[in-house]
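These notes concern the structure reproduced below.
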Protein chains: 2
Amino acid sequence: MKRNFVTSAQVADRAGVSRSAVSRTFTPGAYVSPEVREKVLLAAEEMGYRINRLAKSLLTSESSLVAILASKLSEPFIAAQIDALSAMLADRELQTLLLNSGARRDMAAMMNLVLEYRVKAVIILSGAPSEKLVEQCLKSRQRTILINRVQESGNVDIIQTDDRAGGRLAACHMIERGYRNLAVVREASDTPSQRRRAQGFAEAAEEKGLTVRHWLGGEGGYESGRNAARELRMRSAVDGVFCTTDRIALGFLNTCRFDLGLDVPSEIGIVGFDDIEEAGWPSHALTTIRQPVSAIVSAVASILESDPSEISGHAHVVPVELVTRQTTRP
Amino acid sequence: MKRNFVTSAQVADRAGVSRSAVSRTFTPGAYVSPEVREKVLLAAEEMGYRINRLAKSLLTSESSLVAILASKLSEPFIAAQIDALSAMLADRELQTLLLNSGARRDMAAMMNLVLEYRVKAVIILSGAPSEKLVEQCLKSRQRTILINRVQESGNVDIIQTDDRAGGRLAACHMIERGYRNLAVVREASDTPSQRRRAQGFAEAAEEKGLTVRHWLGGEGGYESGRNAARELRMRSAVDGVFCTTDRIALGFLNTCRFDLGLDVPSEIGIVGFDDIEEAGWPSHALTTIRQPVSAIVSAVASILESDPSEISGHAHVVPVELVTRQTTRP
DNA sequence: TCCTATTGTGCACACGAGTGCAGATGACGC
DNA sequence: GCGTCATCTGCACTCGTGTGCACAATAGGA
């Protein structure tokens, strides 16, 4: 497996100069005479020379790698975040080390890897890691950015959408549109942010004197929504449902419409959370709480640009917004 | 930005042994006496020592990084591939370097990066790179795996779904179900694999004496589908449409149903390609050509495991399959 | 007791690059 | 012609790790 890459020494030989000259040619700011530079560039071109970034960052102890840790990469909202984040990183000349923590893979091992690669920072997307791992990061003075995850033990940068406000918005909207038998549905893989959304919803509803039924279960967003729809409708006369994720909501919506033959929004109203692309399609036209990816990404960017020594530890809050479509009564 | 990580020398000091002993403790296969191993592990634990993978792979010149190069990361079929690929890599103790080549980013610069990181292999997902770049890879003896991209200049590993067969399948199916005024729709960012699908479709239709209208344009899959639906229907009496991508097909479908008020499948039939999750939802129930991600991934796996010296250069063909749902007449 | 076999450890070098410092080279002025 | 300065280049050290080789230590046998 040992491929022979071209080294700066080989280029130096060919160009008839010293290795230092080669190094300086490729180091912005360092000085070389135009003639030497010319010779070096020519030789490098001919031999297909490329700097070895491993060696470079070993020496300068500066890595341009940023790790993104996530599970369920193919869920639209996660995929959208990864897309936007990696684009933002690329614009800043940083590279993305993607760690898929899905399924049975060992999270501890993944984190070890992050540390072994001496990455500049780790971005942990919602739903992924255990508390112990985050502590491990901190212990190794690894810069850590959490998205939509609470973490009590300080010194981590946290970006959080305003989940409670989102839940409250959903509740107010449904009540205003005349729904009275409310329920909230979330996945079995119960993340803190889903819990906060549910709390916000229940809170606001109870302030108006309504009680809220809770449903929890299923495997994966869409399937959870399907199961919830079947079971909730069987047992009760729920007429307004808040799903803590658009994918749950879409599962719920489709099952209501196509399996149970219910009319949405007249017989039952549905509100989701995230505003993924599919929610806006006319085949769904889901009323939902928008969580802007761009705001999350720019928060990450500003953290990366801030001074790493002053670890803020205070949370950036991303605002949410109600998007009214056609799964709630006009 | 210079963080001080713990080095093996520091651990050795603390444990009162030589640096070699530390190295051997963490190298499987190397021998150390149990007592020394114990001491080293203890010291390492206390100090939070982690191997520096950069230094290690510099020395052994073996990288455990595999780069994935793709654009439009958030499109479901791309996201699904990235998810599955990164999971497969993780199972093999390899890491994923994700390069987002979307938008205006400079592909040449991206490829340079790949080469600078001395990755074990590059996986290029459909639609991404120009021919020159691939040649550049080859010149640097970089192992390159192309997915759904043709490349004449040999020595690359190619994985290709059987696009033509897929197109033919779609055509036969539509003709069998009684559609006669056929059209094929593809995106403006016209990838080779989309072109092959269209060719297969047109071929099969013409063999049965039918002519096929071609439509090409739009920006992004879903939007292309929407535009196509509006324009095609305006100008002609097309009644059977093959979209070279599920996302195009879904845009087409939704526009037919909700904007033009057409009944699918009785007035117009639609067939897609890929079989993304959303295609199977009852809100769409799209008839489509399935392209199994699992087959693609295991082909990549087998290439990675094969001997790198015998660069096969011969293409792996991934079979396709018709999935009949409700956007074509029964 | 002495020799040999065995076992474990440490020294030193290598990987590929950046950079401080000294020294070479050339130009220029007196 | 000689001294001074500016300009460039090369030597040698450094980063953190793996590993061949030589050597120390210990045990075992004659």
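Naming: A, B, ... by sequence-line order, numbering from 1 per chain.
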- Message: Using the rule given for side chain to side chain contact (heavy atoms under 4.5 Å, CB included), can you reason through Arg92(A) versus Val66(A), listing the C-alpha separation, both sets of side-chain angles and the distance that settles it, and then say yes or no?
- Response: CA-CA 11 Å; Arg92(A) 286 170 173 63; Val66(A) 172; over 6 Å; no
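Residues forming a side chain to side chain donor-acceptor pair (under 3.5 Å) with Arg37(B) (at least two apart in sequence, or on another chain): none.
dG8(C) atom P lies 12 Å from atom CZ of Arg37(B), rounded to whole Å. Put simply, CG on Leu54(B) is 15 Å from C1' on dG18(D), counting in whole angstrom units. Taking atom CG of Leu58(B) as the reference point, atom P of dG18(C) lies 12 Å away to the nearest angstrom. Taking atom CG on Leu59(A) and atom P on dG18(C), their separation rounds to 7 Å, with Å as the unit. As rounded to whole Å, 16 Å separates atom P of dG16(D) from atom CG of Asn52(A). Rounded to a whole Å, the CZ atom of Arg53(A) is 11 Å from the P atom of dG18(C). To the nearest angstrom, P of dT9(C) lies 13 Å from CD of Glu38(B). Rounded to an integer number of Å, the gap from CZ of Arg118(A) to C1' of dT17(D) is 11 Å.
For residues 37-90 of chain A, the set of pairs meeting the ring-ring contact (aromatic ring centres under 6.0 Å, His included) definition, not counting sequence neighbours, comprises Phe26(A)-Tyr49(A).
Between the CG atom of Leu73(A) and the CD1 atom of Ile78(A) there is a distance of 7.5 Å, given to the nearest 0.5 Å. Of the inter-residue distances, the one linking Ile124(A) atom CD1 with Ile68(A) atom CD1 reads 11.5 Å to the nearest 0.5 angstrom.
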If you restrict it to nitrogen or oxygen atoms, what contacts under 3.5 Å exist between nucleotides 5-8 of chain D and the protein, and what is each distance?
from	atom 1	to	atom 2	distance (Å)
dC8(D)	OP1	Tyr31(A)	OH	3.0
dC8(D)	OP2	Tyr31(A)	OH	2.9

N/O-N/O pairs, protein side and nucleotides 25-27 of chain D side, under 3.5 Å:
none

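Looking only at side-chain heavy atoms (C-beta outward), Thr7(A) and Asn52(A) stay at 4.5 Å or farther from each other. Between Val300(A) and Leu89(A), every side-chain heavy-atom pair lies at or beyond the 4.5 Å cut-off. Considering only heavy atoms from C-beta on, Arg24(B) stays 4.5 Å or farther from Val40(B) through its side chain.
Side-chain contact check for Ser57(B) and Tyr117(B): no donor-acceptor pair (N or O, by modelled atom type) lies under 3.5 Å. The closest side-chain donor-acceptor pair between Asn148(B) and Thr161(B) falls under 3.5 angstrom. Between Ser86(A) and Asn100(B), the side chains place a donor N or O and an acceptor N or O closer than 3.5 Å (distance only, hydrogens not considered).
Heavy atoms of Arg50(A) sit under 4.0 angstrom from primed sugar atoms or phosphate atoms, though from no base atom. Within 4.0 Å of Tyr49(B), counting heavy atoms only, lie sugar-phosphate atoms of the nucleic acid but no base atom. Using a 4.0 Å heavy-atom criterion, one finds that Ile51(B) contacts the sugar-phosphate atoms exclusively.
Between Lys39(A) and Ala15(A), the closest heavy-atom pair is CD-O, 3.8 Å. Taking every heavy atom of both residues into account, Val11(A) and Met47(A) meet most closely at CA-SD, 4.0 Å.
Direction change of the helix axis from one end of the helix from dT1(C)-dA30(D) to dC30(C)-dG1(D) to the other is 60°, with five pairs defining each end axis (rounded to 10°).
Listed by residue number, the members of residues 15-25 of chain A with any heavy atom below 4.0 angstrom from DNA chain D are Val17(A), Ser18(A), Arg19(A), Ser20(A), Arg24(A).
Taking side-chain N and O atoms only, Thr60(A) has no distance below 4.0 Å to OP1 or OP2 of dG18(C). Listed pair Tyr117(B) / dG16(C) fails the phosphate criterion, with no side-chain N or O lying under 4.0 Å from OP1 or OP2.
Asp163(A) pairs in a side-chain contact (heavy atoms from CB on, under 4.5 Å) with only one of the listed residues (Gln194(A), Arg195(A), Arg196(A)), which is Arg196(A).
Comparing Ala55(B) and Thr27(B), the nucleotide of DNA chain D nearest to each residue sits closer to the 5' end for Ala55(B).
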